[in-house]
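First up is the structure itself, then whatever we jot down about it.
Note that these values count all heavy atoms, side chains included, but never hydrogens, waters or copies made by symmetry. Numbers here simply count residues along the sequence, with the first being 1.
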Amino acid sequence: MNDFVGTSTLVRLALRRDRVLIPLWVVVFAVTAAGSAAASIEVFPDVQSRVDAANTTNSSPALLSLYGRIFDPTSLGEVSLFKLINFGALLVGLLAAIIVNRHTRGEEENGRLELLSAGVLGRYAALAAALIVASGTVIALGLVSALGLIGAGLPAVGSFAFGLTWIAAGLAFAGVSALVVQLTENARTASGLTAVVLGIAYVLRAIGDSSAGAEWVSWLSPIGWTQQIRPFAGDRFVVALLPIALTVVLVAAAIALLRRRDIGAGLVRPRPGPPVAARSLRSPLALAWRLQRGALYGWSAAFLLLGLIVGNIASNVDGFVTSESAKDLVQKLGGVNGITDAFLATETGLLGLLASAFGIQAALRLRSEETSLRAEPLLATGVTRTRWLSSHVLIALAGTTALAVLGGLGTGISSGAELGNMGNQVPRLLAASLVQLPATWLVTAIVILLFGALPRLVTAAWFLYGAFLLVGQFGSVFNLPDSVQKLSPYAHTPRLPGGDFTATPVIWLLAITAALTLAGYATFRRRDIG
């Protein structure tokens, strides 16, 4: 039998299953890039304003490590999009890896691939289909983003070079995921290993950009390679051959390993657990913690690091935004009293948005436990539906709270050390971070409601999250009506630090969160499992 027979069928199945998520993320990335370009035309109206901003960035190790170097200070395109080249490549690589993992190891772990393989299905069909879908997604994402940049008024050649940076990163990490899923029997472990590789790649690029004399280190990273395409600053398309060649090597290695293992098995066998569970595992909450603690540890470390970096950057923000239009834009996006507070308020809001992603991920674990048939045996014992549901809900809400605390502490400590007033900055930034929680919890509550009432549509929470992100972050830039902007829960959070705290919108957000959560509990108790 042909080893690739059935690939087209699996491609159609994967596209049907991801018919909401893939278009959503293509639109989110494209609109983010185009919106940043359109807004920056007003922010940097002349060459001198661009040079000033580029010099500030290139002289700040914190900015260089977070975003990367600006190679042409006079280029409107590069100054406008330098934040998205490397950070966007990281996110696109993560998206491609998730798609590959979902349609390979994820399908093996839940037993669906073995069922399909009982028919006419080639050994390599699932891997080939996952790579086709992931590659098609990142290629579409890159091309649509390039067209959006052209529509925003940037040069066509540089726009396509920018799109190529995202495409190349996505292809490379799709290959990484294809290799990693051959090693372990668990989809979560495969995701974690891929995330580690992504993190190492980003750190290597950061070291190369921020350390004098160590520029060569960034060439050890696929993200560093994509940066060297240099969109709007030379447009070196030939550099894309490096990540593409890496993708070919990784896919070939994945196929070779796939040939040597059984369906459902990994080359690295999992360590068997003890025959009797520890007392600390003898409750639904303990089990939920055990299942989700690894992800929370990773998110916590990332939030603390992001907070420290954001606080460090805050001390240089006056030099970064030199024109009056730039200051007006930053204040429009979240500030009220002073450009530094405006920047901190904007970045704190972004940390709140990121914390919501963890809340969604943690709450969605309810559905994965249910569909993988691990919830039903628990509920067949003395564990009630309410206790089981509450265990994961508590992890989601407590986890987002912990992330807000860590992000606020990191930002306050770093900015306080730079500005010389840590005793004032830490409580201010901690309060600014915590005030984002009602909106974050509301998004988590939407997942709980969907899980209880419409479990098959629970992943639509990611669609709503993307819509809230676009409206909340770019509504003012795109001059959307105020009524549309207020559809996002993030539009109702007080803009701190520097703004006035108003309790009324916070109370309303908490009340809506409680109502949605209770509705999710009520509907879950009345529906069938599965």
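The main-chain N or O of Phe232 is never found under 3.5 Å from a side-chain atom of Glu78 such that the two would form a donor-acceptor pair. Thr184 places no side-chain N or O within donor-acceptor distance of the main-chain N or O of Val180, the cut-off being under 3.5 Å. When atom types are taken as modelled, the side chain of Asn101 and the backbone of Ala97 share no donor-acceptor pair closer than 3.5 angstrom. Between the Thr247 side chain and the Ala172 main chain, a donor and an acceptor come within less than 3.5 Å of each other. No donor-acceptor pair under 3.5 Å is formed between the side chain of Ser135 and the backbone N or O of Ile132. The closest donor-acceptor contact from the side chain of Ser433 to the backbone of Val405 lies at 3.5 Å or more, if one exists at all. A side-chain donor-acceptor contact under 3.5 Å links Arg260 to the backbone of Ala256. Counting only distance, with no hydrogens or angles, the side chain of Ser414 and the backbone of Gly410 share no donor-acceptor pair below 3.5 Å. Gln227 places no side-chain N or O within donor-acceptor distance of the main-chain N or O of Ile223, the cut-off being under 3.5 Å. Side-chain N or O atoms of Arg50 include none that pairs as donor or acceptor with a backbone N or O of Pro73 at under 3.5 Å.
Residues Val251 and Leu131 have side chains in contact (heavy-atom distance under 4.5 Å, counting atoms from C-beta outward). Residues Val443 and Pro489 are in side-chain contact: their nearest non-hydrogen atoms beyond the backbone lie under 4.5 Å apart. Side-chain contact check for Ile200 versus Val203: every heavy-atom pair is 4.5 Å or farther apart. Looking at Val181 and Ser177, their side chains come closer than 4.5 Å, going by heavy atoms from C-beta outward. Side-chain contact check for Pro231 versus Thr165: some heavy-atom pair is nearer than 4.5 Å. A heavy-atom distance below 4.5 Å is not found between the side chains of Leu154 and Phe162. Val176 is not listed as a side-chain neighbour of Leu193, based on a closest heavy-atom distance of 4.5 Å or more. Here the side chains of His103 and Leu10 are not in contact, with every heavy-atom distance at 4.5 Å or above.
To the nearest 0.5 Å, atoms CZ (Arg205) and CG (Leu90) are separated by 9.5 Å. With rounding to the nearest 0.5 Å, the separation of CG in Leu306 from CG in Leu351 is 6.0 Å. The CG atom of Leu81 sits 11.0 Å away from atom OG1 of Thr32, with the distance rounded to the nearest 0.5 Å. Atoms CG and CD1, from Leu242 and Ile229 in turn, are 9.0 Å apart once rounded to the nearest 0.5 Å.
Looking only at atom types and distance, the side chain of Thr440 has no donor-acceptor partner in the side chain of Tyr490 under 3.5 Å away. Arg236 and Gln228 form a side-chain donor-acceptor contact under 3.5 Å, judged by distance and modelled atom types alone.
Between Trp299 and Phe303, the two ring planes are tilted [angle within 30° to 60°]. Using the six-membered ring where Trp is involved, Trp462 and Trp25 have ring planes that are tilted, between 30° and 60° apart.
Between Trp166 and the options Phe173, Phe87, Phe29, Phe160, a ring pair (Phe, Tyr, Trp, His ring centres under 6.0 Å) holds for only Phe29. Checking each of Ser159, Pro155, Ser80 against Leu149 for a side chain to side chain contact (heavy atoms under 4.5 Å, CB included) leaves exactly one that passes, namely Ser159.
Using a cutoff of 4.0 Å between basic side-chain nitrogens and carboxylate oxygens, Arg17 and Glu107 are scored as salt-bridged. The residues Arg102 and Asp18 are annotated as salt-bridged, a charged nitrogen and a carboxylate oxygen being separated by less than 4.0 angstrom.
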